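Naming convention: chains lettered A, B, ... in sequence-line order (proteins, then strands); numbering from 1 in each chain. Remember, predicted model here, so these are calculated numbers, not experimental data.
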There are 2 protein chains.
Amino acid sequence: MSLATDGTDKPTLYKRIRADIEQRILTGEWPPGHRIPFEHELVARYGCSRMTVNKALSELAQADLIERRRRAGSFVRRPQHQSAVLKIADIRAEITALGRSYGYELIGRKLRAATAADRERLGIKKAGKVVAIACRHSADNVPFAVEDRLIDLASVPNAATADFSREPPGSWLLHHVPWTEAEHTISAIVADDRTAEALDIAVGAPCLVIDRYTWRSARTITAVRLLYPGDSHRLVARFKGG
Amino acid sequence: MSLATDGTDKPTLYKRIRADIEQRILTGEWPPGHRIPFEHELVARYGCSRMTVNKALSELAQADLIERRRRAGSFVRRPQHQSAVLKIADIRAEITALGRSYGYELIGRKLRAATAADRERLGIKKAGKVVAIACRHSADNVPFAVEDRLIDLASVPNAATADFSREPPGSWLLHHVPWTEAEHTISAIVADDRTAEALDIAVGAPCLVIDRYTWRSARTITAVRLLYPGDSHRLVARFKGG
DNA sequence: TTGACTTATATGTCTAGACATATAATCGTA
DNA sequence: TACGATTATATGTCTAGACATATAAGTCAA
């Protein structure tokens with residue numbers, strides 16, 4: 001999206017209009033509630049057609065910077081820092097991006113009929129089979145995160161025979177399931193014995209927890225819980241400019 | 001964005017085109033890498049002008065569902081669940097939305113010359129004054145979160161005289177600073193004595209930490225740390241369809 | 001003052017063209 | 001075969017219009 005232009009290239013007109021307005025909003029020249037010039041006024045100012053300013057304003061509206069009201073005009077919105085774009089990177093990508101070596105280790109893997117707890121966790125009602133996987137990701141041979149995953153075999157049958165001893169299940173799924181939606185829940189716990197050992201931290205140390213529930217057009221695919229040492233890992237969410 | 005339409009209203013054509021394509025992607029009919037029909041083919045299929053299908057495809061590209069390549073065509077992208085929209089609600093809104101009563105309490109407030117630690121935290125270099133605020137938010141009279149905030153008076157001079165004994169500083173800032181950008185960092189810690197007392201939890205209990213750094217066009221506004229009891233609070237981030 | 005009706009207007013969507021531009025594919029040459 | 005030049009083409013942007021529609025504002029009657 002809106003990159004930092006170095007000024008050498010000539011941006012297109014609608015992008016210039018969008019950037020102009022965005023800057024006035026960000027510097028406070030046009031405060032929240034301020035009415036932006038009407039489309040026909042911008043048409044006159046920039047000497048272009050209405051479709052061009054409309055495209056600029058539509059994108060600003062999509063980014064929640066302005067609100068458009070029929071007959072009334074377009075208005076600067078109040079900043080809503082409750083909505084931020086959170087980057088939850090693929091763990092391997094995250095580690096290699098830091099210039100560290102990625103390591104993966106399968107701890108356990110079971111194929112079983114779904115227990116009541118499994119069905120609860122996957123949000124499915126019918127009986128069926130699941131694959132349960134426990135594994136560990138490490139950076140420079142230091143434990144980075146432990147993963148505890150359930151895959152619904154009704155949705156992903158060939159996960160039954162996949163080899164997860166070398167390829168992480170997340171990566172495998174990414175390449176074998178067409179398109180998914182997901183919901184992430186973030187919380188904090190303290191490490192119990194098992195977790196402390198797996199992450200090589202002290203019992204009682206804080207851990208960041210990411211629970212991800214993934215589905216595809218109303219069918220559950222997988223549920224995964226990732227545990228990170230809480231003092232060394234951080235999630236960064238940047239507002240706007242995604 | 002894409003709401004569940006009840007079918008009674010007739011969506012506009014470009015929205016229908018966008019929804020049609022989105023559904024084929026989400027159901028897996030068009031898997032990642034699949035080439036979407038060319039614009040001129042969609043023009044023929046829907047019997048509309050090119051600008052209309054272009055608008056639909058442009059929005060799908062903005063949502064990262066497809067990738068557009070000149071001369072080559074438009075292609076379904078691989079799902080990138082590393083990017084999710086995190087809703088960090090205004091605390092009062094979050095609590096009242098749950099049907100619970102919101103409570104606010106100012107714990108401490110100091111106006112001082114910025115210490116080295118203050119300048120570090122706010123990312124400023126010059127000497128100057130800051131306001132340091134500690135306060136607590138509660139739901140149904142149970143501690144919900146404690147807040148530890150620093151405001152840069154060079155950027156927000158009238159914060160020096162604002163009354164934070166009734167209005168939370170976050171809410172005050174929202175109404176007195178035109179527009180801001182922010183970066184959030186999420187981590188986990190265990191409660192120390194002071195935190196445990198403020199949140200009415202046990203020492204050593206897990207806490208979710210949100211550090212928010214807010215600025216406006218390269219000027220620091222405020223830095224805030226929010227501590228939530230880690231076992232009772234959860235952050236939810238939904239991928240796509242925000 | 002209040003409520004119902006009318007009107008003006010800014011935005012929402014759409015068209016049938018146009019030229020620009022990046023680049024995949026082809027062709028020609030060393 | 002390898003590489004450089006050419007060409008074809010899908011997307012990117014833009015225009016000068018058009019009609020639809022929601023709604024703020026004005027009008028008028030109870």
Whether Y228(A) and F144(A) hold their rings parallel, tilted or perpendicular, with breakpoints at 30° and 60°: perpendicular
Residues which pass side-chain contact (heavy atoms from CB on, under 4.5 Å) with Q23(B), listed by chain and number, not counting sequence neighbours: T27(B)
Sugar-phosphate only, base, or nothing, as touched by S58(B) at under 4.0 Å among non-hydrogen atoms: nothing
Partners passing salt bridge (charged side-chain N to carboxylate O under 4.0 Å, His left out) against D20(B) (at least two apart in sequence or in another chain): none
Those residues that, when tested against R78(B), pass salt bridge (charged side-chain N to carboxylate O under 4.0 Å, His left out) (two or more places apart): none
Side-chain H-bond candidate by donor/acceptor type, T220(A) with Y213(A), under 3.5 Å: yes
Residues in salt bridge (charged side-chain N to carboxylate O under 4.0 Å, His left out) contact with R109(B), at least two apart in sequence or another chain: none
Sugar-phosphate, base or nothing in reach of L57(A), heavy atoms under 4.0 Å: nothing
Contact interval (first through last nucleotide) of DNA chain C with protein chain B, 4.0 Å heavy-atom: dT13(C) to dA25(C)
Residue closer to the 5' end of DNA chain D, N54(B) versus G73(B) (nearest nucleotide): G73(B)
Nearest-nucleotide 5' precedence on DNA chain D, T12(A) against R69(A): T12(A)
Nearest-nucleotide 5' precedence on DNA chain C, K15(B) against A72(B): K15(B)
S74(A) and R35(A): side chain donor to acceptor below 3.5 Å: no
Nearest atoms (heavy-atom pairs only) where R68(B) meets S58(B): NH1-OG, 4.1 Å
For P37(A), all residues meeting side-chain contact (heavy atoms from CB on, under 4.5 Å), sequence neighbours excluded: W30(A), E41(A), L42(A), R45(A)
Residues in contact with DNA chain D, drawn from residues 29-51 of chain B - heavy-atom cutoff 4.0 Å: F38(B), E39(B), H40(B), R50(B), M51(B)
Results of salt bridge (charged side-chain N to carboxylate O under 4.0 Å, His left out) for R225(B) - residues two or more places apart only: D211(B)
Between the protein and nucleotides 5-8 of chain D, are there any N/O to N/O pairs under 3.5 Å, and if so, what are the atom names and distances?
from	atom 1	to	atom 2	distance (Å)
dA8(D)	N3	R71(B)	NH1	2.7

Charged tip of R69(B) within 45° of F75(B) ring normal and under 6.0 Å: yes
Set of residues satisfying side-chain contact (heavy atoms from CB on, under 4.5 Å) with respect to P178(A), sequence neighbours excluded: R216(A), P32(B)
Residues in ring pair (Phe, Tyr, Trp, His ring centres under 6.0 Å) contact with W172(B), at least two apart in sequence or another chain: F164(B), H176(B)
Helical bend (five base pairs per end, nearest 10°) for the helix from dT1(C)-dA30(D) to dA30(C)-dT1(D): 20°
